[in-house]
Amino acid sequence: MKIAVVDDNPNDANRLLEALSSYEKWEDGKPEIEVFPRGIKFLDQFKQLFDVVFMDIDMPVMDGLEVSKKLRELDSDIQIVFVTNYASLAINGYEVAASDFLVKPVTKDGVYRCLDKIQAKVQDKKKGKRIIVKVKHGYQAVNVTDIYYIEVMKHDVTFHCKDGDFTIRGSLKELEAELSPMDFAECSNCYLVNLRYVDSLSGDTCLVKGVELPISKTRKKDFTSKFLDSIA
């Protein structure tokens, strides 16, 4: 899971970070957490990589509600949790489909209860996540969880999926940027692997649904690390 904390008060941000770090029921291992001191900075640097954002409401220049409205234009799936000194300020959370809110000073128990709910929602979103790829006669939606691995030969990109294979013209680099936040990793320049389907690693190969794929020397350390993190 990838989490953003947007809060202009470093003490409040650190208190939240401490609670997040001490949570012990992460389903996918410890999360990656990034802190932003301003909502505008968060929007300027935003990429669709975060699963959850803890958003302070009372911030200068642009408050958390306004930031969240603009965020929804960029990402309809991200889980938004408002963090505020006044519970009454969170009442407008329905405008941006906020998942929850926490009242400052946050407590570990409050953060834990929030994470228990949020994790289930994030996992549900990931299970139903689809990508759109351009095929010869139009576009095709592909369920991410149906992809075993993706193979590239020159400009031909082949998707090896539960329901069979299909090939498009494209770039593995672009797919890697889109899919890496969803537990995909390159084992070589030719293969992008869905880590949930890796059965084993042995020497310079990985076994994916009964198919042996080569692991390049330059990617072995990073690929192995991502695989182990995905099952932690």
Side-chain angles (χ1 to χ4, degrees), residues 1-4 20-21 23-34 47-52 75 77-79 115 118-135 140-232:
M1 186 182 293
K2 292 177 173 59
I3 296 175
L20 292 171
S21 299
Y23 184 68
E24 296 181 347
K25 295 190 293 183
W26 296 110
E27 294 184 10
D28 297 324
K30 290 286 186 180
E32 296 178 23
I33 305 174
E34 192 167 349
K47 296 180 180 179
Q48 288 181 300
L49 301 178
F50 295 108
D51 300 301
V52 182
D75 191 332
D77 290 331
I78 191 170
Q79 303 293 314
L115 290 173
I118 290 296
Q119 281 206 110
K121 292 180 180 180
V122 169
Q123 294 305 318
D124 286 344
K125 289 285 186 182
K126 285 186 176 181
K127 287 176 183 176
K129 185 71 175 179
R130 300 193 302 173
I131 61 171
I132 306 298
V133 296
K134 192 176 188 309
V135 293
Q140 180 171 330
V142 185
N143 288 324
V144 170
T145 52
D146 288 345
I147 303 169
Y148 295 149
Y149 65 94
I150 301 170
E151 178 182 8
V152 63
M153 292 291 289
K154 295 185 178 179
H155 295 294
D156 288 333
V157 179
T158 300
F159 287 72
H160 298 270
C161 304
K162 287 182 180 180
D163 297 327
D165 304 345
F166 68 92
T167 300
I168 66 171
R169 300 285 285 180
S171 164
L172 195 65
K173 184 177 181 181
E174 292 178 358
L175 289 167
E176 194 276 335
E178 184 173 8
L179 291 171
S180 62
M182 292 175 272
D183 288 336
F184 279 71
E186 287 183 293
C187 62
S188 74
N189 290 334
C190 298
Y191 296 100
L192 179 63
V193 176
N194 189 337
L195 294 171
R196 59 175 60 83
Y197 293 118
V198 175
D199 298 315
S200 65
L201 300 182
S202 179
D204 295 326
T205 62
C206 61
L207 189 66
V208 183
K209 298 299 288 185
V211 179
E212 282 193 352
L213 301 179
I215 304 174
S216 66
K217 290 182 179 180
T218 57
R219 297 188 182 275
K220 185 173 183 179
K221 182 178 180 180
D222 184 59
F223 183 80
T224 302
S225 176
K226 288 180 178 178
F227 170 64
L228 294 175
D229 286 345
S230 74
I231 61 175

**Message:** Nearest 0.5 Å, please: how far is CG in D204 from CD in E212?
**Reply:** 11.0 Å
**Message:** Does K162, at its NZ atom, have more than 12 non-hydrogen atoms belonging to other residues, nucleotides or ligands within less than 6.0 Å?
**Reply:** yes
**Prompt:** If only atom types and distance count, is the side chain of T205 paired as donor or acceptor with the main-chain N or O of S202 below 3.5 Å?
**Reply:** yes
**Prompt:** Roughly how far apart are R196 CZ and K209 NZ, rounded to 0.5 Å?
**Reply:** 12.0 Å
**Item:** Point-to-point distance, once rounded to the nearest 0.5 Å, from CG of D165 to CD of E151
**Value:** 8.5 Å
**Request:** Would you check if I33 and P31 make a side-chain contact, meaning some heavy-atom pair closer than 4.5 Å?
**Result:** yes
**Asked** Looking at F166 and C161, what are the two nearest heavy atoms and their distance?
**Response** CE2-SG, 4.1 Å
**Request:** Evaluate whether atom CD of E176 has more than 12 neighbouring non-hydrogen atoms of other residues, nucleotides or ligands under 6.0 angstrom away.
**Result:** yes
**Prompt:** Looking at V208 and D199, what are the two nearest heavy atoms and their distance?
**Reply:** C-OD2, 4.2 Å
**Asked** Are V211 and Y191 close enough that some pair of their side-chain heavy atoms sits under 4.5 Å apart?
**Response** no
**Closest non-hydrogen atom pair between K25 and Q119, with its separation** = O-NE2, 2.8 Å
**Item:** L195 backbone acceptor or donor facing D183 side chain under 3.5 Å
**Value:** no
**Request:** Output the distance between atom NZ (K2) and atom CD1 (I78), rounded to the nearest 0.5 Å.
**Result:** 12.0 Å
Output side-chain donor-acceptor pairs under 3.5 Å for residues 167-175, partner residues at least two apart or in another chain, one line each.
residue : atom : partner : partner atom : Å
T167    : OG1  : T158    : OG1          : 2.9
R169    : NH1  : D156    : OD1          : 3.0
S171    : OG   : K173    : N            : 3.2
S171    : OG   : E174    : N            : 3.4

**Request:** Determine the minimum heavy-atom distance between L179 and V144, stating which atoms define it.
**Result:** CD2-CG2, 4.1 Å
**Asked** Roughly how far, to the nearest 0.5 Å, is the NE2 atom of H160 from the CG atom of D146?
**Response** 15.0 Å
**Asked** Which atom names give the shortest non-hydrogen contact between S188 and P214, and what distance separates them?
**Response** CB-O, 3.9 Å
**Asked** Quick one: OG1 on T145 to CG on N194, what's the gap to the nearest 0.5 Å?
**Response** 8.0 Å
**L20/L115 under side chain to side chain contact (heavy atoms under 4.5 Å, CB included): CA gap, chis, key distance, verdict** = CA-CA 9 Å; L20 292 171; L115 290 173; 3.8 Å; yes
**Complete:** Nearest heavy-atom approach of I215 to R219 is CG2-C, 4.5 Å
**Partner of Y197 under ring pair (Phe, Tyr, Trp, His ring centres under 6.0 Å), chosen from F184, Y149, Y148** = Y148
